[in-house]
Colleague: 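This structure is in structure tokens; I'll ask about it shortly.
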Amino acid sequence: FIDWGMLNTVDLFHEGGLLLRTADQFLTDTPTAFDRRALAIMLSDPNALFVGHVPSREVISGVNQGLDRATQAAGRQKELIRTIADSNGRPVFEIFRVKAGSGK
């Protein structure tokens with residue numbers, strides 16, 4: 001989860017059966033050594049799914065930009081799987097993977 005407000009709800013729905021991580025590492029321009037290792041693990045896992053708010057709905061301002069910077073620095077890119085809208089059709093959440101970059 002790259003933004004605030006989603007982890008507990010998903011954990012509750014799945015009765016604690018999923019391995020869930022927060023991506024606090026995207027919130028700083030100066031991550032610690034531990035943050036960098038955790039980030040490398042998350043970005044290199046081909047089965048990992050990321051969930052975040054669309055940029056216009058971010059709770060923590062700039063978290064999507066932080067993810068984009070970290071992803072590009074790792075030579076990877078976001079692959080959008082699905083955008084989830086609210087009951088009025090407005091986009092709220094994005095589910096995506098991070099995969100190897102295209103080399104461009």
Side-chain angles (χ1 to χ4, degrees):
F1 297 92
I2 68 162
D3 202 1
W4 185 87
M6 297 171 267
L7 183 130
N8 291 335
T9 303
V10 172
D11 197 29
L12 178 66
F13 284 150
H14 290 277
E15 299 177 348
L18 297 175
L19 173 59
L20 303 175
R21 295 186 178 128
T22 60
D24 302 293
Q25 300 84 355
F26 302 123
L27 301 178
T28 179
D29 291 331
T30 56
T32 66
F34 177 83
D35 289 341
R36 287 190 300 275
R37 283 191 302 274
L39 183 59
I41 290 167
M42 282 189 272
L43 293 179
S44 65
D45 183 350
N47 296 312
L49 291 176
F50 291 78
V51 180
H53 289 106
V54 296
S56 63
R57 295 285 186 107
E58 287 180 343
V59 174
I60 301 171
S61 181
V63 71
N64 284 302
Q65 288 177 338
L67 170 66
D68 291 343
R69 281 192 307 271
T71 302
Q72 290 170 0
R76 305 187 70 76
Q77 63 186 18
K78 285 172 57 173
E79 176 184 46
L80 183 64
I81 295 170
R82 183 172 179 193
T83 300
I84 300 172
D86 65 14
S87 60
N88 293 308
R90 296 174 296 218
V92 177
F93 301 106
E94 292 180 330
I95 301 172
F96 55 92
R97 293 187 191 282
V98 175
K99 63 179 189 173
S102 63
K104 292 181 182 177

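Just so you know, residue 1 is the first one in the sequence shown, and it goes up from there.
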Colleague: Does any part of the side chain of Phe50, heavy atoms only, come nearer than 4.5 Å to the side chain of Met42, both counted from C-beta?
Modeller: yes

Colleague: Do Ile41 and Leu43 sit in the same hydrophobic cluster, where Ile, Leu, Val, Met, Phe, Trp and Tyr count as joined when their side-chain heavy atoms come under 4.5 Å apart?
Modeller: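 No, it is not one cluster - the side chains of Ile41 and Leu43 are not joined through contacts under 4.5 Å.
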
Colleague: With side chains defined as the heavy atoms from C-beta onward, is the minimum distance between Met6 and Phe93 less than 4.5 Å?
Modeller: yes

Colleague: What I'd like to find out is whether the side chain of Arg90 reaches to under 4.5 Å of the side chain of Val54, using heavy atoms alone.
Modeller: no

Colleague: Let me know which of Ile84, Thr83, Asp86 forms a side-chain contact (heavy atoms from CB on, under 4.5 Å) with Val92.
Modeller: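 Between Val92 and the candidates, side-chain contact (heavy atoms from CB on, under 4.5 Å) is satisfied uniquely by Asp86.
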
Colleague: State, yes or no, whether a side-chain contact exists between Asn8 and Phe13 at a heavy-atom distance under 4.5 Å.
Modeller: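 Asn8 does not reach Phe13 side chain to side chain.
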
Colleague: From Leu49 CG over to Ile81 CD1, what is the distance, rounded to the nearest 0.5 angstrom?
Modeller: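 Here the interatomic distance stands at 5.0 Å.
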
Colleague: Does a donor on one side chain and an acceptor on the other come within less than 3.5 Å for Thr71 and Asp68?
Modeller: no

Colleague: Less than 4.5 Å apart, any side-chain heavy atom of Thr32 and any of Arg36?
Modeller: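 No. Closest side-chain heavy atoms not under 4.5 Å.
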
Colleague: Hey, does Asp11 have a side-chain heavy atom less than 4.5 Å from the side chain of Leu18?
Modeller: no

Colleague: To the nearest 0.5 Å, how far apart are CD in Glu58 and CD1 in Ile60?
Modeller: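 Reported to 0.5 Å precision, the distance equals 9.0 Å.
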
Colleague: For the CD atom on Glu79, are there more than 12 heavy atoms of other groups (residues, nucleotides or ligands in this structure) within a distance under 6.0 Å?
Modeller: yes

Colleague: Looking at Arg97 and Asp45, is any side-chain nitrogen of the basic one under 4.0 Å from a carboxylate oxygen of the acidic one?
Modeller: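 Looking at Arg97 together with Asp45, the answer is no, because their closest N to O distance does not fall below 4.0 Å.
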
Colleague: Which pair of non-hydrogen atoms, one from Pro46 and one from Ser44, has the smallest distance, and what is that distance?
Modeller: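 Reported closest heavy-atom pair: CD-O, 3.1 Å.
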
Colleague: Any side-chain heavy atom of Gln72 sitting closer than 4.5 Å to one from Gln77?
Modeller: no

Colleague: Under 4.5 Å between any side-chain heavy atoms of Val51 and Glu94, yes or no?
Modeller: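 Not in contact.
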
